[in-house]
Amino acid sequence: MKKHVKMMALGLAGVMSLSGCGMKSDESAAVTESGEYDWEEPEASVMDGAEDSAGTTGETEDSLDDLWGKESGPSELFEKEEEVCEAPAADGEPATEASESLLNDYARSSGSAEEQKLAGTPTADLYAEKDAADGYLGSCYDFTDEEAYCRENAEEYSQWEEQGYFSVMAQPLSTFSADVDTASYSNLRRLIRDGYDLDSLPEGAVRIEELLNYFSYDYAEPVGEEPFGVMTQISRCPWNESAELVMIGLKTEDIDYSRAPASNLVFLLDVSGSMDEPDKLPLLKESFVVLTEHLRKKDRISIVTYASEDKVVLEGARGDQRDKIKEALDGLEAGGGTYGSRGIETAYELAEENFIEGGNNRIILATDGDLNIGMTSEEELEELISEKKESGIFLSVLGFGTGNIKDNKMEILADKGNGNYAYIDSPQEARKVFLEQLTANLLTVCKDVKFQVEFNPDVVESYRLLGYENRVMDRQDFHDDTKDGGEIGAGHSVTALYEVILEEPLYGMREDEIDDLKYGNAYRRRLNETSTLPFDSGKEWLTISVRYKRPSGNVSELLEYPVGYECYQTKPSNDFMFASAVAEFGLLASHSDYPEDASVDHVIKTIRKLDLKDSYKMEFLELVEEAE
């Protein structure tokens with residue numbers, strides 16, 4: 001089973017050993033330790049050989065009804081007994097790159113120093129779960145010290161109210177800002193591999209839209225002068241037989257970083273005491289070395305650190321001065337408090353001093369988010385960043401570490417700073433962010449991107465947007481250019497899914513329902529004569545409106561895309577089926593109030609039917625199986 005599920009017998013043995021219960025008087029207890037950019041011609045392609053993470057989109061030969069039938073029963077609660085206790089990572093074990101498989105490339109966290117000391121001992125088993133205090137043990141000891149012994153820790157996540165179904169007549173418009181953050185998925189991967197099951201995942205840690213947008217899809221490229229390629233597809237909702245599922249996909253043009261405009265980058269690095277863990281500062285330095293390898297002579301690099309005070313470590317170095325940049329990174333050591341707001345102010349000042357007109361000006365903040373000096377609340381940080389972003393400098397955030405990460409603060413900083421938020425849990429994830437998707441994460445091509453979907457009441461009765469709870473906007477904000485939207489980089493894709501209930505069922509009675517009727521043959525004949533569509537198939541179902549601004553612009557532009565029955569697929573694409581499986585898993589992992597018939601078994605069955613060539617999508621299947 002998972003690491004946090006311990007055998008009661010071992011826990012009891014640990015208590016008796018520590019307390020002396022059941023031991024001879026001479027025995028002693030012992031515990032053993034375990035605007036437009038200025039484009040230039042390429043100098044040289046720095047991305048040659050980068051892996052293509054796009055998945056295939058061929059159609060499956062299996063029928064949709066057979067593939068997406070209901071699955072029975074929840075996952076098994078317990079697995080084999082010998083899988084209960086797993087050895088944790090060694091204390092202080094450095095993050096390394098694996099050579100055998102993608103799965104090994106994602107290093108499991110070694111945990112905090114206190115957790116490592118307890119790992120693998122009777123004490124670790126004793127205090128693994130709060131509910132271990134039931135019965136006899138609860139009468140002997142006080143198990144209320146959660147901070148020291150329980151799996152609950154100092155990590156913080158924002159809480160959002162899940163969106164339910166809206167009547168089209170009451171609320172015809174669905175409005176939200178774009179989101180290309182991926183932190184929630186890589187953090188979820190870390191949590192599952194650290195031993196969490198779906199029921200024990202922290203509330204607020206799973207954001208469905210970030211799970212969807214972590215993966216690449218075969219969306220259409222932009223046409224002509226439009227910045228986006230837009231794809232829509234509709235099919236049956238695999239976990240809700242009463243609904244159809246609408247998939248909206250948007251993609252920007254991909255650009256090799258060698259052709260991108262000059263970059264003015266400020267690395268704002270947290271070197272406070274809380275970063276003194278193998279999966280924090282050492283992994284941070286390794287990650288930025290990956291980025292350094294692909295910088296160009298025309299780029300300008302500065303480094304600001306912050307702990308109890310802020311410090312300028314490097315200012316305005318050329319991108320090709322790699323040894324100088326690496327030397328500055330190698331010299332970083334962790335210690336002291338976390339005066340993050342001071343570091344942010346210094347980083348913006350430095351970015352403004354080295355500002356490149358017509359270039360890419362960006363601060364990359366790397367932290368665990370544990371700010372404890374100066375401005376520390378979400379409200380204070382939001383006010384600070386909202387003011388600074390008017391300088392034309394973008395702010396991206398990279399999260400590191402376990403145990404005390406402040407996901408809520410890091411998300412606010414990236415959102416209000418016109419940037420994106422990723423979580424680095426391994427060297428492989430660092431390569432994905434700083435190599436495979438380098439241009440997408442560093443070069444914004446559209447800012448303040450907003451979506452507004454209007455549903456046709458003649459066709460759609462009600463709808464539900466999956467995820468994007470913290471991106472929902474008022475309908476009037478869509479046309480208000482002072483209201484902030486989301487930022488999209490070069491080559492980024494955005495995916496949104498809607499469950500929709502139609503005014504009349506798209507299909508008549510199911511075959512098994514007809515078989516039970518005395519006049520089944522008559523019903524079958526009438527259905528064949530009158531077609532399976534009870535409404536005018538020529539009607540539009542909905543219209544997608546997109547507003548965006550150019551990177552240095554202040555006035556938005558509007559694009560509109562009508563969607564009708566021509567987008568309906570009885571055999572949907574691989575992309576549709578994979579995205580639906582990710583969303584279904586997200587419903588379970590986020591503890592949704594609307595899971596309907598969603599199940600881990602069905603997610604696994606769906607993905608196994610696909611012809612996947614994308615290593616990240618194959619890894620997702622492994623992750624789902626591990627969470628089962």
Side-chain angles (χ1 to χ4, degrees), residues 35-48 50 180 252-269 284-285 287-304 312-326 328-329 344 346-366 388-389 391-398 413-414 417-422 424 430-447 487-492 550-553:
E36 300 244 359
Y37 290 115
D38 293 333
W39 303 99
E40 298 186 21
E41 291 302 315
E43 297 174 3
S45 175
V46 298
M47 301 296 293
D48 290 346
V180 294
T252 57
E253 182 182 358
D254 200 1
I255 304 165
D256 192 285
Y257 187 68
S258 64
R259 294 183 52 236
S263 293
N264 163 35
L265 303 177
V266 179
F267 302 166
L268 176 56
L269 310 180
L284 180 157
K285 294 195 286 187
S287 301
F288 278 86
V289 167
V290 173
L291 172 58
T292 301
E293 290 293 342
H294 303 286
L295 297 173
R296 306 152 305 174
K297 182 178 181 178
K298 61 183 177 181
D299 297 330
R300 291 294 176 266
I301 308 301
S302 303
I303 299 178
V304 176
V312 177
V313 177
L314 187 66
E315 182 173 357
R318 294 196 319 270
D320 62 348
Q321 294 179 302
R322 295 183 178 88
D323 290 342
K324 185 176 183 180
I325 299 170
K326 290 178 183 178
L329 291 169
I344 291 171
T346 301
Y348 272 100
E349 291 173 3
L350 204 53
E352 290 173 0
E353 291 175 9
N354 293 279
F355 193 89
I356 300 176
E357 291 292 341
N360 172 35
N361 299 279
R362 182 177 299 268
I363 296 170
I364 305 176
L365 168 60
K388 295 294 185 181
K389 75 176 182 181
S391 62
I393 298 167
F394 297 90
L395 173 67
S396 293
V397 179
L398 300 178
L413 288 170
N418 282 354
N420 50 295
Y421 169 35
I424 308 294
R431 291 194 295 274
K432 182 176 186 290
V433 171
F434 282 146
L435 175 60
E436 298 170 23
Q437 298 179 350
L438 177 61
T439 312
N441 290 314
L442 290 189
L443 184 66
T444 297
V445 294
C446 294
K447 71 176 185 179
E487 280 60 50
I488 302 179
H492 257 148
R550 296 173 183 270
S552 60

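In this text, all values refer to a predicted model and were calculated from it rather than measured experimentally.
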Exercise. What's the spacing between F267 CZ and L284 CG if we round to 0.5 Å?
Worked result: 10.0 Å

For this session: Apply side chain to side chain contact (heavy atoms under 4.5 Å, CB included) to V445 and E253, showing your working.
Result: CA-CA 9 Å; V445 294; E253 182 182 358; over 6 Å; no

Problem set entry | Presence of salt bridge, K326 and D323, under 4.0 angstrom | no

Problem set entry | Taking every non-hydrogen atom, the tightest pair across S258 and D256 | OG-OD1, 2.7 Å

Exercise. Judged by modelled atom types alone, do R362 and S263 share a side-chain donor-acceptor pair under 3.5 Å?
Worked result: no

For this session: Mark yes or no for whether N264, through its side chain, and A351, through its backbone, hold a donor-acceptor pair below 3.5 Å.
Result: yes

Exercise. Where the side chain of T444 meets the backbone of I488, is there a donor-acceptor pair that is under 3.5 Å apart?
Worked result: no

Seminar exercise, completed: Note: A260 and L443 closest approach over all heavy atoms is CB-CD2, 4.0 Å

Seminar exercise, completed: Separation between CG (N354) and CG (L265), nearest 0.5 Å, reads 10.5 Å

For this session: Enter the distance from K432:NZ to Q437:CD here, rounded to the nearest 0.5 Å.
Result: 3.5 Å

Exercise. Of the non-hydrogen atoms in P261 and G358, which two are nearest, and what is the gap between them?
Worked result: CB-O, 3.8 Å

Exercise. Do you know which two heavy atoms are closest between V313 and A328, and how far apart they sit?
Worked result: CG1-CB, 3.8 Å

For this session: Test side-chain hydrogen bond (donor to acceptor under 3.5 Å, both in side chains) on T439 and R259 and set out the steps.
Result: CA-CA 10 Å; T439 312; R259 294 183 52 236; over 6 Å; no

Problem set entry | Option from N418, N420, N441 for which side chain to side chain donor-acceptor pair (under 3.5 Å) with S396 holds | N420

Problem set entry | Euclidean distance, D299 CG relative to L442 CG, rounded to 0.5 Å | 9.0 Å

Exercise. So among R322, R318, K324, which one has a salt bridge (charged side-chain N to carboxylate O under 4.0 Å, His left out) with D320?
Worked result: R318

Exercise. Could you give the distance from CD1 (I363) to CZ (F394), rounded to the nearest 0.5 Å?
Worked result: 12.0 Å

For this session: Measure across F434 and S287 and return the closest heavy-atom pair with its distance rounded to 0.1 Å.
Result: CD1-O, 3.3 Å

For this session: Sort out for me which residue in L268, V304, V266, L395 forms a side-chain contact (heavy atoms from CB on, under 4.5 Å) with Y348.
Result: L395

Seminar exercise, completed: On a heavy-atom basis, the closest approach of A366 and F288 is CB-CE1, 3.7 Å

Seminar exercise, completed: Separation between CD1 (I303) and CD1 (I325), nearest 0.5 Å, reads 7.0 Å

